[in-house]
Amino acid sequence: MNFTRKLLNRETFIGLFIVSLGGLGSIALGIPILGFFLGPIIQQPKEVWRDVGPVDKFKVGSTVQVAFEYSGQLQWGGSTKYTSAWLRRDSGLQFTAFAVYCTHLGCPVHWLAEPEIFLCPCHGSVFNGNGTVVGGPAPRPLFKYDVRIQNSRVQIKTEPQPLVT
Ligand code: FES
């Protein structure tokens, strides 16, 4: 009895309790922080076919913006894990999908239907309807996604964005 009292008096108990709380708090904070830094290294971005709508939704010859989840984002990314592409229906079942990111420094490009060009608002790069650079500082054409038709629906194969250099 006397021995137990010596081991677990009030000061010792409070001290152990505070140290335990501190340890639990460190673990609770440390795991998400570690996950944030190590997650992108451990978890390679997946290539996934993303459904962007039925074939009939798209008119032949028109280029429209379609949204999809970006495969490289973290699960807790919220609305920031969504991105978009420019999708053109070239003919019956022939589609072309362009990344929205300019190959200069990554600003989103705009499609101008009348002159049929992609225009980057940041530094003025211009791409023709096939994504080829026709003016400005962009060093290469717009990146293209693979497109396929499955059960009369259009799917885009998302993959990591090419590095912009
Ligand atoms: Fe598009 Fe610079 S980011 S021209």
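Counting convention: from 1, in listed order, for ligands and their atoms alike.
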Which protein heavy atom lies closest to atom 3 (S) of ligand 1, and at what distance to 0.1 Å? L105 N, 3.3 Å
With atom 2 (Fe) of ligand 1 as the reference point, give the N/O/S atom of H123 that is nearest. ND1
Just let me know how S125 lines up against ligand 1, side chain, backbone, both or neither, with a heavy-atom cut-off below 4.0 Å. both
At what distance, to the nearest 0.5 angstrom, does CH2 of W111 lie from CH2 of W86? 9.0 Å
With a 3.5 Å distance limit and no angle check, can you tell me whether R89 reaches the backbone of G92 through a side-chain donor-acceptor pair? yes
Looking at atom 1 (Fe) of ligand 1, is one of the N, O or S atoms of C102 less than 2.8 Å from it? yes
Would you call V154 and L87 a side-chain contact if the rule is heavy atoms closer than 4.5 Å? yes
Is there a side-chain contact between C120 and C107 (heavy atoms, below 4.5 Å)? yes
Do other residues, nucleotides or ligands put more than 12 heavy atoms under 6.0 Å from E116 CD? no
Any N/O/S atom, side chain or main chain, of C120 closer to atom 1 (Fe) of ligand 1 than 2.8 Å? yes
Of all the N, O or S atoms in H104, which one sits nearest to atom 2 (Fe) of ligand 1? ND1
